Every structure is written in C-alpha cells, then in structure tokens.
Number of protein chains: 2
Amino acid sequence: MARPRSFDPDDVLEIARQVFWRKGFQATSLDEITAASGIAKPSLYAAFGDKNALFLKVLDRYHDGILGWAERTLAQPAPAREAIRQWLTGFIPYCSGEKGQHGCLSINSATDGSLDQAEVRNSIERYNRRLEDLLRARLRGSRAEFRKGFDPDVTAHTIMVVHAGLLALAHQRPDSKQVKAVIDQVMGLLA
Amino acid sequence: MARPRSFDPDDVLEIARQVFWRKGFQATSLDEITAASGIAKPSLYAAFGDKNALFLKVLDRYHDGILGWAERTLAQPAPAREAIRQWLTGFIPYCSGEKGQHGCLSINSATDGSLDQAEVRNSIERYNRRLEDLLRARLRGSRAEFRKGFDPDVTAHTIMVVHAGLLALAHQRPDSKQVKAVIDQVMGLLA
DNA sequence: CTCATTATCTACTTCTAAGTACAGAATAGG
DNA sequence: CCTATTCTGTACTTAGAAGTAGATAATGAG
C-alpha cells in the first residue's frame, strides 16, 4: 500500500558499524555512511533517526553480538578456565591487528569523551554488567575447580580489566603471540 | 625589542590538557580552549600551531609527566612487587572516578579513531614502549625475588594490559575498593 | 621619544557536516 | 488504471568550528 524500503536496515547497521568502528562517532560523517551504504540521508533519517540514534542502534547491535557469543562460549561443559581462555582467545584477532587495529567499538566509545549522551553510557554500562555477570556466574558455578579462598567476584572483574586492556592496546597492533602469552599468564589466576 | 607574550605557554597547555582530556580531540573546539584560557585564537596559533600541533604538545607533556612519575616510583629500593603495586595504586583515583571519569588521556587518544595522524600515534607508541621498558627493566633486575621460570618480559606486558584496562574501565566509575582488589590479585603474578 | 618588532584582538572567510524541503518514484488496494 | 501512502534523491539551509587578515597595543633599542 506504500512504497517498500529498498534496503535491509540490518545491512545498513552493519555498514554503519564498520565506519563508526574505524573512525569513531564524532569523526564519522553521515556522508561517509551514505557513501558506504548507498543510502541517502533522508532515508537514513527516516529509518533510524538522527546520528545519535543511529549510533545507539549500531552499538546495541554490537553489544548483542558479543554477548551472544560470550554466552555460547562460557556455557561450555569444559572447565571454567578453559571456557574463559577460549572466550578471551577469540578476541586475539581483534587485539593483535589481524582484523584491523580498531579494538572494540564499545571500549572505544567508552573512552570517547564526546559520547556523553546518557543513552550511550547506559548501553555500555549495561553491556559491561551483563558480561561481568556471565563471567561471575561461570566462576561461581565452577568453584569446585579452584583452590580454597578463590574469589570468583574479584576474578571476574580482573578478567574484565584484562579484556578491556587487551582491546585498548589493540590499537598498536601487538604481536598475537604476545597477546596469547598474556592470556596464558592471567589464566594462572584461575586455580 | 618586541611585545612580550602575555601568558605562560605551559599554563595554557595545562588548561588545554584538561579540556582535551574531558571531551576528546575531535569534540574539543578551539573556542572552548580560548574560553577556558582567556587566550584568543591567533595567539594560540602563533604559539602552538594548529589544533593538531597543540594537541600533540599537550599529549607529549602528559606523557612526560606520567613517565617521570613512573621512573621515580619504580626506582625505589623496595621489592619490585611493592614498587609496581605502588605505581599502579597511584592510578586508583583516576581509575575509580574520584578524579573525574576521564581515565587516561593517552589511552583515550589511542582508542580514538579520529586521531590517526602519524605523529600522535608515534607519541603514544613511544610512550607505551618506554613505560613497558621501565617495567621490564625493573622486573629483570629483580629476578632474584621471583620463582624459577618467572618471565619478566611477559609480566611487564601483562601489567601494561592491566594498567590500560583499569584506565579504560575508569569511565564507568568503579568503586576504588574494586580497583584495589584487582591490583592485589594481579600482584599475585609477581612471585 | 620614536621606531622596529612581535603579540593581541575583532571580525571575517571558508569549509564541513547535520538535518530538511520538496518533488518524483514505487507499491497495494480499489 | 488510479490513488493514497510511503520511500528516495537532489539540493538546500543552517550551525559550528578551523583558520586568518588586518588593525592595534606593548615592549626594548637607539
């Protein structure tokens, strides 16, 4: 009964994600997104709202992707240490410059002072909380695997810190062997 | 023989640092710096060059400050673990939201995709290398304090990762007790 | 005191990027 | 086939910010 949309919004969010990831929120112009996607600005505005709203959708989608993967990986029947090692290991391409040197969109956004809109901060905070919840739950549930006095809560946060650190330092393209060595060393805390 | 400058360049760099730190490079306008410093744009341009050059000077100065402090702290005669713990502990106010929630200017800049000018990247890379060199040298020199098989090189990098992670996560204002607990746990690797 | 020199200030230009108006195109239902 | 409705594309407006021109002020040398 009306003209149908000529594009799949999810495709456009994927393209927008790439551009935002590479250049950051502020430095990305909508013109670059229209150039990359072939979708003109009025269509973007109609479909997603303004630049802030578009970015928020991109970020939420990104968060959901990572959380989904974390859920799958951490739910494995393997020992907690191996599940977590595997989860961290999966980030190595993003930590070592193999998949570009852009690290993590969420961490890049968290450290971006220009993004002080409440909704973005909330999205990032919710994401971090859910990720840490997953780690904490896994460690608590596997307490039997660890020494007496092992603190799953502190350890979950330490892993969050290491994860963030690896992805923050991704921007200097460290060698993947070095990243792996750090993960191995930190896994020594899970005992 | 000519009109003297009416301001101390170092004062202006300090003010510019605060603004850049809070809002990031892209989102900071020179008008904000003139407003904060009282120095008009032509004077800024005459003294520092364009916005990129000003930011680079601010960043270099920031790096020098942190490196100087790291040198002093790590040169202590105390055991390496205590010297490093003290160094990391010094960042707690910046990691926990006590001194704002802006983390580290260098890490924020490293994760800022809009800052891909080679000079900024080089400054950050040189800073990270020098910092890691300090840690590595300290750990190598104190090898006698550690178990057989202790790897000072990997450990130095792990500490860099934790340091970066703590300051990246600073933007969500974690509790300082939590930050301290992570540092304590990681110091367990220095044995 | 006067001048050469450099700093400063106001006001401007220029450019980029966000957001939009409006005309034209595509569809489903009648 | 015709029309209401929604999408699309060109071209625009507007705002903000980088960078500068040109006049004016402050200093030290002579």
Side-chain angles (χ1 to χ4, degrees), chain A residues 1-59 108-109 112-120, chain B residues 1-59 108-109 112-120:
Chain A
M1 165 204 223
R3 179 172 181 173
R5 212 168 248 154
S6 66
F7 58 90
D8 179 347
D10 217 54
D11 292 346
V12 175
L13 288 179
E14 172 61 28
I15 290 171
R17 179 176 75 168
Q18 293 171 12
V19 184
F20 278 130
W21 200 346
R22 180 154 37 85
K23 309 208 37 168
F25 174 76
Q26 277 278 334
T28 297
S29 74
L30 287 187
D31 288 335
E32 288 173 273
I33 293 177
T34 65
S37 65
I39 310 301
K41 269 190 288 184
S43 297
L44 291 179
Y45 277 86
F48 306 108
D50 65 9
K51 189 183 172 187
N52 287 315
L54 171 61
F55 182 76
L56 191 59
K57 286 188 172 66
V58 165
L59 189 61
N108 297 354
S109 303
D112 182 346
S114 72
L115 279 167
D116 55 359
Q117 30 170 345
E119 287 171 327
V120 169
Chain B
M1 159 212 227
R3 178 172 182 172
R5 211 169 249 154
S6 66
F7 59 91
D8 179 346
D10 216 54
D11 292 345
V12 175
L13 288 179
E14 172 60 27
I15 289 171
R17 180 177 74 169
Q18 293 171 14
V19 184
F20 279 129
W21 200 345
R22 181 155 37 84
K23 310 207 37 169
F25 174 76
Q26 277 277 336
T28 297
S29 74
L30 286 186
D31 288 335
E32 288 174 273
I33 293 177
T34 65
S37 66
I39 310 301
K41 269 190 288 184
S43 297
L44 291 178
Y45 276 87
F48 306 108
D50 66 9
K51 191 183 171 187
N52 287 316
L54 171 61
F55 182 77
L56 192 59
K57 286 188 172 65
V58 165
L59 189 61
N108 296 354
S109 303
D112 183 345
S114 72
L115 279 167
D116 55 359
Q117 30 170 345
E119 287 172 327
V120 168

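We name chains A, B, ... by the order of the sequence lines, and we start the count at 1 in each one. Please read these numbers as outputs of a predicted model, since none were measured by experiment.
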Colleague: Listing time: all N or O pairs from protein to nucleotides 9-14 of chain C that are below 3.5 Å?
Modeller:
none

Colleague: Write down the distance between CG (B:Leu54) and C1' (D:dA18), rounded to a whole number of angstrom.
Modeller: 13 Å
Colleague: When you match B:Pro4 and B:Phe25 each to their closest nucleotide on DNA chain D, which lands nearer the 5' end?
Modeller: B:Phe25
Colleague: How long is the line joining CG of A:Asp31 and P of C:dC15, in whole Å?
Modeller: 16 Å
Colleague: Determine the interplanar angle of the B:Phe55 and B:Phe20 rings, folded into 0 to 90°, and report it as parallel if under 30°, tilted if 30 to 60°, perpendicular if over 60°.
Modeller: perpendicular
Colleague: Crowded around A:Glu119 CD? As in, over 12 foreign heavy atoms under 6.0 Å?
Modeller: no
Colleague: Under 3.5 Å, is there a donor-acceptor pair between the side chain of B:Lys51 and the main chain of B:Thr28?
Modeller: yes
Colleague: Report the residue (A:Phe7 or B:Ala2) whose heavy-atom-nearest nucleotide on DNA chain D is the more 5′ of the two.
Modeller: A:Phe7
Colleague: Counting the atoms with a prime plus P, OP1 and OP2 as sugar-phosphate, which does B:Thr28 contact under 4.0 Å by heavy atoms, base, sugar-phosphate, or nothing?
Modeller: sugar-phosphate
Colleague: Compare every heavy atom of B:Ile15 with every heavy atom of B:Ser37, then report the nearest pair and how far apart it is.
Modeller: CA-CD1, 3.9 Å
Colleague: In whole Å, I'd like the distance from the CZ atom of A:Phe48 to the P atom of D:dT8.
Modeller: 10 Å
Colleague: Measure the distance from OH on A:Tyr45 to P on D:dT6 and round it to the nearest whole Å.
Modeller: 22 Å
Colleague: Measure from the side-chain heavy atoms of A:Ser29 and tell me the nearest of C:dA17, C:dT20, D:dT8.
Modeller: C:dA17
Colleague: Over how many whole Å does the gap from A:Leu44 atom CG to D:dG9 atom C1' extend?
Modeller: 12 Å
Colleague: From D:dT8, D:dA26, D:dG19, pick the nucleotide closest to the side chain of A:Arg5?
Modeller: D:dT8
Colleague: Describe, as an angle rounded to 10 degrees, how the axis at the first end of the helix from C:dC1-D:dG30 to C:dG30-D:dC1 is tilted relative to the axis at the last end, five pairs per end.
Modeller: 0°
Colleague: For the pair made of NZ in B:Lys51 and P in D:dT20, what is the distance, rounded to whole Å?
Modeller: 15 Å
